[in-house]
Number of protein chains: 2
Amino acid sequence: MKKTIFVFSALIISLLVLFKLGEYSFISGNTSIEIVISIVAIVFLGIGLYINRRKAQSVREPNHVDFKKVKTLGISDREYEVLIEIAKGLSNKEIGKKLHISESTIKTHVSNLLVKLNAKRRTQAIQIAKELSLIPQ
Amino acid sequence: MKKTIFVFSALIISLLVLFKLGEYSFISGNTSIEIVISIVAIVFLGIGLYINRRKAQSVREPNHVDFKKVKTLGISDREYEVLIEIAKGLSNKEIGKKLHISESTIKTHVSNLLVKLNAKRRTQAIQIAKELSLIPQ
DNA sequence: AAACCATTCATACTAAAGTACCAAAAAGCT
DNA sequence: AGCTTTTTGGTACTTTAGTATGAATGGTTT
């Protein structure tokens, strides 16, 4: 909402500035009309592209993660790290090597994660974590 | 690439048309300069927003599935069905019940899928399938 | 200091996943 | 009809995943 107001304000200000420029070129002869029109074109193309970026970012938003929800579910930092690696498709042994801890410890973390995510399997945990935006899609 | 060429062509044509309009208003007096500038502004804002839409759609694309790639990898219809259920987090037994076939058959399909997707585990298969847009994110 | 939590690790076990190999219907193609 | 691929299923086996339980360590809170 704030973004929309900002964009429209910028639009109105740009219009006013450009009309002033139009008047100016009107007074000082019509030799620079093309230049003014070019500036108008570039500026408004820029505004269009700016709105573009804003929208494109809002579309990507579901890709974002909700760390608050992670803590709400009582998932610890280490457990969260393990969750990320599970989602990448690594085995317990591989995760252990990556985080420099034993496979046994990974099993403990995974077991805790399954309880906290209310999942029966690691594949289900991945699905649930993505639905809850705990991990990027 | 084709889109980019199209957009730039549209830009150049618009510029030429607007310069012609500029000349016209120059001949018939300067009373309509503001109108010309307004048209330029609206047209280029529209172009910017058009590029917006194109980009926004390409961002949403990863949500789409590429059935051609599924066939390219030699994944059969039934195997693909199993892949979808794996990604939902179901166990082999659960998939068997859902598709009304034995767990043994699911194991066969999964084993074939892992070879075709070049994955070691079903979790990795999910990750790879999503990267290749075989299944929706 | 005592209590608490996160992290680590181990053992022993059960369950699920995955491999290998085979085989037989069923469906599709030429 | 003959061939090929798909789909189905089984057995036997290995590997990985997951559970249950207990325990040690270090950091934080009360």
Side-chain angles (χ1 to χ4, degrees), chain A residues 65-132 134-135, chain B residues 65-132 134-135:
Chain A
V65 294
D66 189 353
F67 287 111
K68 290 171 194 170
K69 213 175 283 178
V70 174
K71 284 174 187 170
T72 305
L73 291 168
I75 295 170
S76 73
D77 292 3
R78 204 54 160 169
E79 283 164 0
Y80 184 71
E81 284 185 272
V82 173
L83 179 60
I84 299 291
E85 302 304 326
I86 288 174
K88 287 179 185 170
L90 300 189
S91 70
N92 290 337
K93 194 176 281 180
E94 286 170 340
I95 297 170
K97 279 181 187 170
K98 195 164 183 180
L99 301 182
H100 309 293
I101 50 181
S102 78
E103 187 190 347
S104 180
T105 307
I106 302 298
K107 282 189 177 186
T108 307
H109 289 321
V110 172
S111 236
N112 292 332
L113 274 169
L114 294 182
V115 173
K116 289 169 183 176
L117 289 172
N118 198 27
K120 289 177 187 172
R121 282 163 295 280
R122 52 169 59 210
T123 49
Q124 204 182 355
I126 295 169
Q127 188 65 15
I128 291 169
K130 287 190 176 177
E131 271 174 17
L132 298 177
L134 304 182
I135 54 176
Chain B
V65 293
D66 189 352
F67 287 111
K68 290 170 192 169
K69 213 175 282 177
V70 174
K71 285 174 187 170
T72 305
L73 291 168
I75 295 170
S76 73
D77 291 3
R78 205 53 161 168
E79 282 163 0
Y80 184 70
E81 283 186 271
V82 173
L83 179 60
I84 298 292
E85 301 305 325
I86 288 174
K88 286 180 184 171
L90 300 190
S91 70
N92 290 337
K93 195 175 280 181
E94 286 170 341
I95 298 170
K97 280 181 187 171
K98 195 164 182 179
L99 302 183
H100 308 294
I101 50 181
S102 78
E103 187 190 346
S104 179
T105 307
I106 302 298
K107 281 189 177 187
T108 307
H109 289 322
V110 172
S111 236
N112 291 332
L113 274 170
L114 294 182
V115 173
K116 288 170 184 176
L117 289 172
N118 198 27
K120 289 176 186 171
R121 282 163 294 281
R122 53 168 59 208
T123 49
Q124 202 183 356
I126 295 170
Q127 188 65 16
I128 291 168
K130 288 191 176 177
E131 272 174 16
L132 298 177
L134 304 183
I135 54 177

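Every chain is numbered from 1 and lettered A, B, ... according to where its sequence line falls, protein lines coming before strand lines.
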Check: Under 4.0 Å between a side-chain N/O of Asn92(A) and OP1 or OP2 of dT16(D), yes or no?
Finding: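 Result: no.
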Check: Do any side-chain nitrogens or oxygens of Ser76(B) fall under 4.0 Å of OP1 or OP2 in dT6(D)?
Finding: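 Result: no.
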Nearest whole Å is fine: how far is [N] [atom2] from [X] [atom1]?
| X | N | atom1 | atom2 | value |
| --- | --- | --- | --- | --- |
| Arg122(B) | dA17(D) | CZ | P | 11 Å |
| Asp77(B) | dT8(D) | CG | P | 11 Å |
| Ile106(A) | dT16(D) | CD1 | P | 15 Å |
| Ile95(A) | dT7(C) | CD1 | C1' | 16 Å |
| Arg121(A) | dG18(D) | CZ | P | 9 Å |
| Arg78(A) | dG26(D) | CZ | P | 16 Å |
| Ile86(A) | dG18(D) | CD1 | P | 7 Å |
| Glu81(A) | dT8(C) | CD | C1' | 14 Å |

Margin query: Assuming nearest nucleotide by heavy-atom distance, tell me which of Ser104(A) and Lys93(A) is located more 5' along DNA chain D.
Written below: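 Looking at DNA chain D, the more 5' nearest nucleotide goes with Lys93(A).
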Item checked: First of Thr123(B) and Asn112(B) reached from the 5' end of DNA chain D, by closest nucleotide ->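 Nearest-nucleotide comparison on DNA chain D picks Asn112(B).
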Check: Nearest nucleotide by nearest heavy atom, which residue falls closer to the 5' end of DNA chain C, Lys116(A) or Lys107(A)?
Finding: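 Its nearest nucleotide being more 5', the pick is Lys116(A).
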Out of [options], whichever nucleotide has its closest atom nearest the side chain of [X]:
| X | options | result |
| --- | --- | --- |
| Leu114(B) | dT19(C), dT19(D), dT8(C) | dT19(C) |
| Ser91(A) | dT19(D), dA17(D), dT19(C) | dA17(D) |
| His109(B) | dT11(D), dA6(C), dT7(D) | dT7(D) |

Margin query: Between the base of dG9(D) and the side chain of Ser102(B), is there a donor and acceptor pair under 3.5 angstrom?
Written below: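 No pair found.
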Determine whether a donor-acceptor pair (N or O, by modelled atom type, separation under 3.5 Å) exists between the side chain of [X] and the backbone of [Y].
| X | Y | result |
| --- | --- | --- |
| Lys116(A) | Gly74(A) | yes |
| Glu94(B) | Leu90(B) | no |
| Tyr80(B) | Lys71(B) | no |

Note to self: Heavy-atom count check: over 12 atoms from other residues, nucleotides or ligands less than 6.0 Å from Lys97(B) NZ?
What the structure shows: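 Check fails, neighbour count at 12 or below.
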Note to self: Side chains of Ile95(B) and Val110(B), heavy atoms from C-beta outward: is any pair under 4.5 Å?
What the structure shows: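 They are not in contact (no side-chain heavy atoms under 4.5 Å apart), so the answer is no.
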